[in-house]
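Chain letters run A, B, ... following the sequence lines, proteins first, then strands; residues in each count from 1. Below, each value reflects all heavy atoms present in this structure, side chains not excepted, and no hydrogens, waters or symmetry copies.
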Amino acid sequence: MKAKTVKLGRLYLTMKSRFGFLNWWPGETKDEIVIGAILTQNTSWKNVEKAIKNLKEENVLSISKIAACKTAYLEELIRPSGFYKQKASRLKGFASHVIKRYGTLDKMFRKNEKELRKELLSLNGIGNETADSIILYAAEKPVFVIDAYTKRIMGRVYGFKEKELEYQNLQKLIQEKIQTDVTLYKDFHAQFVELAKNYCKKEPLCENCPINKNCKYDVNEKLS
DNA sequence: GTCCAGGGCCTAC
DNA sequence: GTAGGCCATGGA
């Protein structure tokens, strides 16, 4: 890994000057953030919004309500988010675990990030990205979230290869290079998402991209 | 009609 | 330990 070419501070400020301070996860409560993190697995956020709207309207948008409701009912409510049987099962599993073992999310979140991460990863349907999204945005502890957007932008801007873009490698690199700070981690990831959604798609729309001049991506070359 | 979206699990080698 | 198949809806 060539440290000399990776200036994350500059990248962050470039994105932030375009989009402003974001520091977000689309969700009003910790429960909603966790539910959204599972529902958005390999799915566009637009579809997740439909599912969350259904849950809210039926008053099931909480860990305790999900633990208590029927699986078939949950499946119907989250159907627009795709993979709905898997996700219903994952939500039920997660919710039952929290209720049975802790009672509330807040109690579970008293663990340090390392212990919490280990526990989340042991649950069915919670992998690296979902675990880290929960830890950063709901538990508010410092782990950097790596997602498809992060990989795409880091790959294009710094020319990283697949091995360097693997989850643990990219996470380690970013965490070593920026200040360990929950607010910075949240906002940095939010900037990645905003940039990718607006400019850095699979079919490149690089012309007006705020980081265009730094980007190594060749617009004439298809991504693999 | 085809491609894609803020993953993760299981299986085979 | 890793490549490939599978899960599924809705929008472009």
Side-chain angles (χ1 to χ4, degrees), chain A residues 12 15 19 22-28 30 32-55 71-95 97 117-139 143-157 160-171 174 185-206 209 217 221-224:
Chain A
Y12 173 61
M15 295 192 291
F19 301 117
L22 299 169
N23 186 34
W24 92 161
W25 178 282
E28 292 170 12
K30 291 177 192 226
E32 188 176 340
I33 291 169
V34 170
I35 292 163
I38 292 172
L39 291 179
T40 198
Q41 292 171 350
N42 204 36
T43 300
S44 69
W45 188 258
K46 291 267 183 202
N47 284 3
V48 176
E49 283 177 332
K50 297 176 199 298
I52 288 183
K53 181 165 175 282
N54 290 343
L55 294 171
T71 300
Y73 176 56
L74 184 58
E75 286 177 358
E76 284 314 304
L77 295 179
I78 66 167
R79 183 188 278 268
S81 73
F83 308 122
Y84 62 92
K85 291 191 174 180
Q86 275 192 354
K87 287 175 181 175
S89 157
R90 290 172 183 185
L91 284 170
K92 291 287 286 182
F94 180 89
H97 174 82
R117 191 169 203 276
K118 192 174 166 189
E119 181 170 346
L120 290 171
L121 289 175
S122 76
L123 301 176
N124 180 48
I126 311 292
N128 285 320
E129 185 188 331
T130 308
D132 288 342
S133 298
I134 291 170
I135 297 168
L136 180 61
Y137 288 102
V143 291
F144 202 92
V145 178
I146 306 298
D147 60 10
Y149 293 152
T150 311
K151 289 185 183 181
R152 186 186 305 162
I153 293 167
M154 292 295 285
R156 289 184 185 179
V157 172
F160 286 159
K161 297 182 174 142
E162 279 189 40
K163 188 74 185 172
E164 297 167 309
L165 291 175
E166 282 176 9
Y167 200 97
Q168 320 291 353
N169 293 339
L170 194 52
Q171 184 178 51
I174 294 177
Y185 279 18
K186 284 185 183 177
D187 190 51
F188 207 140
H189 178 248
Q191 301 291 345
F192 274 139
V193 174
E194 199 62 24
L195 180 72
K197 279 188 173 173
N198 288 292
Y199 300 103
C200 197
K201 306 186 178 181
K202 273 206 167 180
E203 286 303 321
L205 298 174
C206 294
C209 176
Y217 183 64
E221 184 184 319
K222 288 268 186 185
L223 285 180
S224 56

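A close approach under 4.0 Å does not occur between any side-chain nitrogen or oxygen of Thr43(A) and OP1 or OP2 of dT9(C). Distances shown here put every side-chain N or O of Arg79(A) at or beyond 4.0 Å from the OP1 or OP2 atom of dC7(C).
The side chain of Ser44(A) lies closest to dA5(B) when the candidates are dG7(B), dA5(B), dA8(C). Among dT9(C), dC7(C), dC9(B), the nucleotide with an atom closest to any side-chain atom of Phe83(A) is dC7(C). Nearest nucleotide to the side chain of Glu129(A), out of dG7(B), dC9(B), dT9(C): dG7(B).
Backbone-only engagement by Lys50(A) is indicated by non-hydrogen atom pairs under 4.0 Å involving sugar-phosphate atoms exclusively. If you check every strand for non-hydrogen atoms under 4.0 Å, Ser81(A) touches nothing. Ile38(A) comes within 4.0 angstrom of no nucleic acid atom, judged by non-hydrogen atoms across all strands. Residue-level contact check: Gly82(A) touches the bases, meaning some heavy atom is under 4.0 Å from a base atom.
Atom CD of Gln168(A) is separated from atom P of dT2(C) by 12 Å (rounded to the nearest Å). If you take NZ of Lys46(A) and C1' of dG10(C), they are 12 Å apart, rounded to a whole angstrom. Taking atom CD of Glu166(A) as the reference point, atom C1' of dT2(C) lies 9 Å away to the nearest angstrom. For Leu91(A) and dC7(C), the CG to C1' distance is 15 Å, given to the nearest whole Å. Across the protein-nucleic acid pair, Glu76(A) atom CD and dA8(C) atom P stand 12 Å apart, rounded to whole Å. Between Phe94(A) atom CZ and dG8(B) atom P there is a gap of 13 Å when expressed in whole angstrom units. Here dC7(C) presents its P atom at 19 Å from CG of Leu39(A), a figure rounded to the nearest Å. When rounded to the nearest whole Å, the span between CG of Asn42(A) and C1' of dG11(C) equals 15 Å.
With respect to Arg79(A) and Glu76(A), a salt bridge is recorded, a charged nitrogen being found less than 4.0 Å from a carboxylate O. Taking 4.0 Å as the cut-off between side-chain N and carboxylate O, Lys197(A) and Glu194(A) do not count as a salt-bridged pair.
With hydrogens and angles ignored, the 3.5 Å screen pairs a side-chain donor or acceptor of Asn54(A) with a backbone N or O of Leu77(A).
Along DNA chain B, the nucleotide closest to His189(A) and the one closest to Leu123(A) are compared, and the more 5′ of them pairs with His189(A).
Gln168(A) CD: more than 12 foreign heavy atoms inside a 6.0 Å radius.
Closest of all the heavy-atom pairs between Gln171(A) and Phe144(A) is NE2-O, 2.8 Å.
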